[in-house]
Amino acid sequence: MLEKKKCPKHVAIILDGNGRWAKKRGHVRTYGHKFGAANVRNIVMAAGEMGIEVITLYAFSTENWKRPNTEVQFLMKLFNNYLMNELRALVNDNVQLHIVGDISALSESLQQNIKDCEEETRENTGVILNIAINYGGRQEILQAVQSIASEVENGVLSAKQIDLDTIRSHLYPSSSDDVDLMIRTGGESRISNFLLWQISYGELYFTPTLWPDFTVEDFKAAIIWFSNRERRYGGLVEEINQ
């Protein structure tokens, strides 16, 4: 068991490799998305047991709309069914659920399911699960800047009052805290427009394991790797330890 002080508070995961996982097995890409969705609860429950407070999963980016229409439609249906079925079990698991991103582009039924699930889990005190749907890091920062500019224009805020906390408070709620550890499965070594503000001092962990194959043991290995890192935030180790 890791010491709590060495355990990351906020873990972000890019769920990559579902399509390749399916193609390796002779199936269409959507087959992999289905198995990838089933893996979410295992990792979330493991995170809660390890003392991780927040876990943010990158499920669908603003750029993913460029994928074939059949795949996009399948993903939207999968999100809807998952919210109605699997995620509702999180109420009993004491998980608090939030969806981050621009949900206005989603169907009315999916938006309503999102609101229902967030409301049903609002009082839960366990791990906070953020699922990023129609999310983009640049878009998040842009909407924060636009919101702040509007407040300045309306006299609610002056330009001199704007600081880092001002920007942070205008990011999407729940996922606005700094990320300690970002994990990307699937073998790629990039952050793909994910939590650009929050990840500034995060440790980056890349693994070739495809998301449907990413086990609880793989997750624990990433957490142990993080616990052995020396986080200097631009300073020196001896300065931080003083």
Side-chain angles (χ1 to χ4, degrees), residues 1-18 20-21 32 35-59 61 82 86-87 89-90 92-100 121 124-132 135 137 171-172 174-235 237 240-241:
M1 184 67 67
L2 289 173
E3 296 180 43
K4 187 171 180 59
K5 65 179 181 180
K6 293 185 177 181
C7 194
K9 175 183 177 182
H10 186 179
V11 176
I13 307 179
I14 299 177
L15 316 179
D16 196 15
N18 290 333
R20 281 172 286 154
W21 183 89
F35 275 81
N39 193 34
V40 167
R41 192 179 183 194
N42 296 331
I43 302 303
V44 172
M45 297 312 299
E49 291 171 1
M50 296 179 72
I52 294 166
E53 298 178 20
V54 182
I55 184 165
T56 302
L57 307 180
Y58 205 7
S61 74
Y82 203 67
E86 182 69 17
L87 286 180
L90 297 177
N92 296 326
D93 294 329
N94 201 30
V95 175
Q96 186 180 128
L97 172 71
H98 298 275
I99 303 299
V100 295
T121 62
N124 287 356
T125 58
V127 62
I128 294 173
L129 169 60
N130 300 314
I131 299 182
Y135 173 90
L171 298 174
Y172 292 129
S174 185
S175 65
S176 61
D177 288 343
D178 286 350
V179 169
D180 299 304
L181 170 65
M182 190 212 75
I183 301 170
R184 180 170 187 149
T185 63
E188 301 291 352
S189 301
R190 56 178 179 268
I191 59 177
S192 297
N193 198 21
F194 187 39
L195 300 174
L196 299 180
W197 179 277
Q198 299 90 326
I199 213 168
S200 296
Y201 283 100
E203 301 293 329
L204 309 182
Y205 182 91
F206 301 104
T207 172
T209 304
L210 304 177
W211 172 247
D213 289 330
F214 189 74
T215 66
V216 170
E217 291 305 312
D218 293 324
F219 182 64
K220 290 179 178 178
I223 303 303
I224 292 172
W225 174 87
F226 170 86
S227 72
N228 291 319
R229 300 289 295 169
E230 293 180 343
R231 309 187 73 200
R232 299 188 294 273
Y233 300 97
V237 175
I240 294 174
N241 293 331

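Being a predicted model, the structure only gives us computed values, none of them experimental.
Minimum heavy-atom separation, Pro212 to Gly32: CG-O, 4.0 Å. Closest approach of Ile52 and Val54 over heavy atoms only: CG2-O, 3.4 Å. The minimum heavy-atom distance linking Trp211 with Asn39 is given by the pair O-ND2, 3.0 Å. Nearest heavy-atom pair across Ser176 and Gln198 is O-CG, 3.6 Å. Taking every heavy atom of both residues into account, Ile13 and Ile43 meet most closely at CD1-CG2, 4.0 Å. Residues Tyr135 and Val100 approach most closely at CB-O, 4.0 Å, considering heavy atoms.
Taken to the nearest 0.5 Å, the CG atom of Asn18 stands 8.5 Å off from the CG atom of Leu210. Of the inter-residue distances, the one linking Leu57 atom CG with Leu129 atom CG reads 5.5 Å to the nearest 0.5 angstrom. With values rounded to the nearest 0.5 angstrom, Asn94 atom CG is found 4.5 Å from Asn124 atom CG. Expressed to the nearest 0.5 Å, how far CZ of Arg190 lies from CZ of Phe206 amounts to 9.5 Å. Atoms CE and CE, from Met50 and Met45 in turn, are 13.5 Å apart once rounded to the nearest 0.5 Å. Note: Leu181 CG to Ser227 OG = 10.5 Å, rounded to the nearest 0.5 Å.
Of the possible polar contacts, one joining the Asn193 side chain to the Gly137 backbone as a donor-acceptor pair under 3.5 Å is found.
Tested against Glu203 for a salt bridge (charged side-chain N to carboxylate O under 4.0 Å, His left out), the candidates Arg229, Arg184, Lys6 yield a single pass: Arg229.
Looking at heavy atoms from C-beta onward, Phe214 lies in side-chain contact with Ile183 at the 4.5 angstrom threshold. Proximity of Thr207 to Tyr205: side-chain heavy atoms (C-beta onward) are separated by under 4.5 Å at one or more points. Here the side chains of Ile199 and Leu204 are in contact, with some heavy-atom distance below 4.5 Å. Counting heavy atoms from C-beta on, the side chains of Ile128 and Ser174 come closer than 4.5 Å. At a threshold of 4.5 Å between non-hydrogen side-chain atoms, the residues Val127 and Ile55 count as touching. Contact of the Leu196 side chain with the Ile191 side chain is registered, since non-hydrogen atoms from C-beta on lie closer than 4.5 Å. Within the 4.5 Å cutoff, side-chain heavy atoms of Val11 are placed close to those of Phe219. Put simply, the side chain of Thr185 does not reach to within 4.5 Å of the side chain of Ile14, judged on heavy atoms.
Ring geometry, Tyr58 versus Phe194: the interplanar angle falls under 30°, so the pair is classed parallel (tilted spans 30 to 60°).
One finds no salt bridge joining Asp178 and Lys9 here, because no Lys/Arg side-chain nitrogen approaches an Asp/Glu carboxylate oxygen to under 4.0 Å.
Side chains of Asp213 and Trp21: a donor-acceptor N/O pair is present below 3.5 angstrom, by distance only.
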I would like to know whether Thr56 and His10 meet side chain to side chain contact (heavy atoms under 4.5 Å, CB included); could you show each step before the answer?
CA-CA 8 Å; Thr56 302; His10 186 179; 2.8 Å; yes
